[in-house]
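A, B, ... follow the sequence lines: proteins, then strands. Residue 1 opens every chain.
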Amino acid sequence: MIDGKTVVALLGQPNSGKSTLFNGVTGMKQHVGNWPGKTIEKKEGSFARGGKDYIVTDLPGTYSLSANSDEEVITRDYIASGKADVVCIIADSSQLERSLFMLADYAGIDVPCFLMLNLADVALDQGKQIDADALKKKLSIPVALFSATDKNQYDSFYRCLEEAVKNKTKLETSSLLEEYKKIDGFSDLMSIIPENVMKNYSPMWITAKIAEGDKIVRSKVSFELKEEEKKKYKEIIEKLEKGALYTGQSKFNWIDMLLEGAINKTETKPVFGKFDKAITHKVWGKPLVILVIIGGLLASFIPALPFMGIGTVITMGASALNAALAEGGVHPILNGVITQVLIQSVSYIIQMLGFVFGVTLVFGMLEEIGIMARISYVYDNTMGKLGLQGKSVMPFLISFGCTMGGAAGARVIDNWGQKVLTIALAWSVPCGAAWAIIPMLASNFFGMGAPLIIVIILLVMVLNMFLIAKIFGPSLVKKNDRFGLIMELPPYHKPKWGSLFKYVLGRTKDTFFRVIKVIIPICAIFWFLSYTADGIPESTILYKIGNAIEPVTKVFGLNWKLFTAYVASSVGKEGAVGVLTALYSGTGTIYGAVMGSNAAVDNQAALLLANIAKPEALAFIFAVTFNVPCIVALAATYKETHSGKWTALISLYYTAFSLLLAFIAYHIGLLIW
Amino acid sequence: MKFISTIPAGKEAVIVQIDGDTRFLSRITSIGLTPGCNVKIIKNDKNRPLLVYSRDTMIALNKKESENIKVEEKVS
């Protein structure tokens, strides 16, 4: 109970429909945070029912409650802590036998629970008739069939919940214990387990985990054992070398007993349709995946458009307000802070968020349908070389459009280390803004040599990805976390648009407030550095700093103007050329150039060509392409990784790497020209 | 007894032995593969994970790790 509210935790294997139920019951009333001390997302929501308030905790989706991953340990620790009044275990009726494994693994945890059999409609289509009452009798907890995508069926969920809370219904486990006892040594082991060694776990559960080689449980128990028992304990566990297999068999034997008489048939033929055949095809699978992702990327722009429109309107409003305030005699600094820093960065963020909203919605849908799992299968070998999951190919491709979208897309990667590594690598992919300025700069300075420069950029991109995987990979994805793929390819599910839309909207709102906290201060600092009272770039602080360190930046081929534009490109790449134009032509402001609100300059190309030498231009192209993508991407990275440390490390790496490239490019350039 | 990865697509087999470390054993059982259970090989392509069907579930398995699983091929 929290403040008189009943806490219900949702537990289920991946693809069991846990998230659908969570979104369905909580609607917009949800909050995403972190599990204490961990980088794993914690989703909480609330709802009211029959005059009572409930808090819902969505536990991480795991296949079991062993100690193989942080997610599993968090899940079982949370349940055993008693913070939840009741646990709702969700199983997939269409794969009932396999999906009840979670229930079997839960058996022995002394917390009230009930069982919801989701996807009842799919099971019925397969010709399976499931007798929930028979299961209820055997398990002595509330059991109901339902479909999480149909809110009209939530009554059964509420009924079971109320019954479980009222009667504190606990799972009947004696028949499972009988199964476990068939394992050689199980009974002997159970007899020496000290009382209350782990709160809320029964001796049966503890013994099963010891048999499975669970390191956490083993160390807790062996610490509490009396000297004379230790020898016996060691003898038994030596015999249980493949304990996880034995208990696994016991669990499935128990499940078979449960299902006997409760289901008419358990076997269905595999469904492997045309699309599955195409996307998993030896030759055509990979290109098809790329097409699907590009299609998704384009589709992401549709929901993004309204946001972009709102952003544009605000920018226009900001310019009008700026003029009005200036006329009204408001101090230029105050005017600048209000119209340029606050309003303009908010509009910038809204435009960017539109894309994030689109990406999260479209790829969230592909995940829900089951397509991301197929993508994982197709790219498992390729991405495995970088220590990543096959799914990582998606954020990479999205990053050709927008790095922030790529970071948001990395959400479907369920392992935190792999997610951070994926985002770190995705930064290497030149985004849409880079593609808007780099080819233009390259052809301006190098004419026919431009395609060659683009090819080199792409080669450096791949090289850099391998380099980052080498440098950061080992600490992000620990060696014993680098296991091969064992993953379910779920049957295709119809996406639940309504709840997905609401969920993504809620997430976007959340992102907005987190991102704004990062972006406003950076914009403010950048604005002050580039502020000039008289309109001359030489009177900005940026110039003074740039000028002072010019001897150093010149080593990288960047004079103070180029360096200023380089710094500006880490706020927003599309602004880099604008900043150069503003500095060389003396019109417009640096800040305005970054935010895209400066007026166009006619002779931009000639102006740059006249003022920048070829080696400098080459250095600048590489420095900007591989610089920190933009502050919005930085903020999104912070939001997705939940780690200030890693966001800073990745930014530092890219700053250093881009300057190193500039150095190399400049000196090669000097040799050529 | 054969490695599961040697069974061609379309064939069925029964798992007879699973080896590997604790972590692998626990992961493989929690997704439903245990000794004695029937599997149908759906896809077995070079440089791709193995696709098997068991307990009403389509499962993708890393090729290298799948060598821990030994089966008896069913004659149809």
Around A:Lys234, counting heavy atoms of other residues, nucleotides and ligands shown, do more than 12 lie under 6.0 Å from its NZ? no
Starting at NZ of A:Lys242, measure out to OG of B:Ser26 and round the result to the nearest 0.5 Å. 14.5 Å
Counting heavy-atom pairs closer than 4.5 Å to chain A, which one of B:Asp19, B:Ile28, B:Asn47 comes out on top? B:Asn47
The interface call for A:Phe101 against chain B, heavy-atom contacts under 4.5 Å, is side chain
A:Leu135 vs A:Leu117 side-chain heavy atoms within contact, under 4.5 Å: yes
Looking at B:Leu61, B:Ile31, B:Ile42, which one has more heavy-atom pairs under 4.5 Å with chain A than the rest? B:Ile31
Is there a donor in the side chain of A:Arg76 and an acceptor in the side chain of A:Thr62, or the other way round, less than 3.5 Å apart? no
With only heavy atoms counted, which part of A:Val271 is less than 4.5 Å from chain B, the side chain, the backbone, both or neither? backbone
Interface moiety of A:Lys269 toward chain B, non-hydrogen atoms closer than 4.5 Å: backbone
Heavy-atom pairs under 4.5 Å with chain A - which of B:Ser66, B:Ser54, B:Pro49 has more of them than the others? B:Pro49
Of the listed A:Met102, A:Gln95, A:Glu212, the one with the largest count of heavy-atom pairs under 4.5 Å with chain B is A:Gln95
The interface call for A:Gln126 against chain B, heavy-atom contacts under 4.5 Å, is neither
Flag the pair A:Gln389 / A:Met487 as yes when at least one side-chain heavy-atom distance between them is below 4.5 Å, and no otherwise. no
With rounding to the nearest 0.5 angstrom, report the CG to CZ distance, B:Leu50 to B:Phe3. 13.0 Å
Examine whether an atom of A:Lys286 lies under 4.5 Å from a heavy atom of chain B, and if so say whether it belongs to the side chain, the backbone or both; otherwise answer neither. both
A:Leu100 side chain reached by A:Leu259 side chain, heavy atoms, under 4.5 Å: yes
Point-to-point distance, once rounded to the nearest 0.5 Å, from CG of A:Leu65 to CD1 of A:Ile79: 5.5 Å
Counting only non-hydrogen atoms closer than 4.5 Å, can you tell me which residues of residues 246-257 of chain A sit against chain B? A:Gly248, A:Gln249, A:Phe252
Would you please test A:Tyr63 and A:Asn68 for side chain to side chain donor-acceptor pair (under 3.5 Å) and show each step? CA-CA 10 Å; A:Tyr63 280 103; A:Asn68 288 329; over 6 Å; no
Could you walk me through whether A:Asn15 and A:Asp92 pass side-chain contact (heavy atoms from CB on, under 4.5 Å), step by step? CA-CA 8 Å; A:Asn15 307 310; A:Asp92 177 349; 5.8 Å; no
Flag the pair B:Pro8 / B:Asn44 as yes when at least one side-chain heavy-atom distance between them is below 4.5 Å, and no otherwise. no
Side chains of B:Glu12 and B:Val39: does their closest heavy-atom pair fall under 4.5 Å? no
Chain A interface, residue from B:Lys46, B:Lys63, B:Lys40, B:Lys43 that has the most non-hydrogen pairs under 4.5 Å: B:Lys43
Just so I understand: if I count every heavy-atom pair under 4.5 Å between each of B:Leu33, B:Thr22, B:Asn38, B:Asp45 and chain A, which residue has the most? B:Asp45
Among A:Ser66, A:Ser69, A:Pro270, A:Ala104, which residue forms the greatest number of heavy-atom pairs with chain B at distances under 4.5 Å? A:Pro270
Which bit of A:Thr280 is near chain B, if near means a heavy-atom gap under 4.5 Å: side chain, backbone, both or neither? both
Got A:Tyr379 and A:Met394 here, is their nearest side-chain heavy-atom distance under 4.5 Å? no
With side-chain contact (heavy atoms from CB on, under 4.5 Å) as the criterion, how do A:Ile486 and B:Phe24 come out once you've worked through the C-alpha distance, each side chain's angles and the decisive distance to 0.1 Å? CA-CA 9 Å; A:Ile486 297 182; B:Phe24 178 76; 3.8 Å; yes
Side chain, backbone, both or neither: which part of B:Asp21 has a heavy atom under 4.5 Å from chain A? neither
Contact origin within B:Lys64 toward chain A - heavy atom pairs under 4.5 Å: neither
Interchain contact, B:Thr29 with chain A, by part (heavy-atom threshold 4.5 Å): both
Counting only heavy atoms closer than 4.5 Å, note whether B:Ile18 contacts chain A via side chain, backbone, both or neither. both
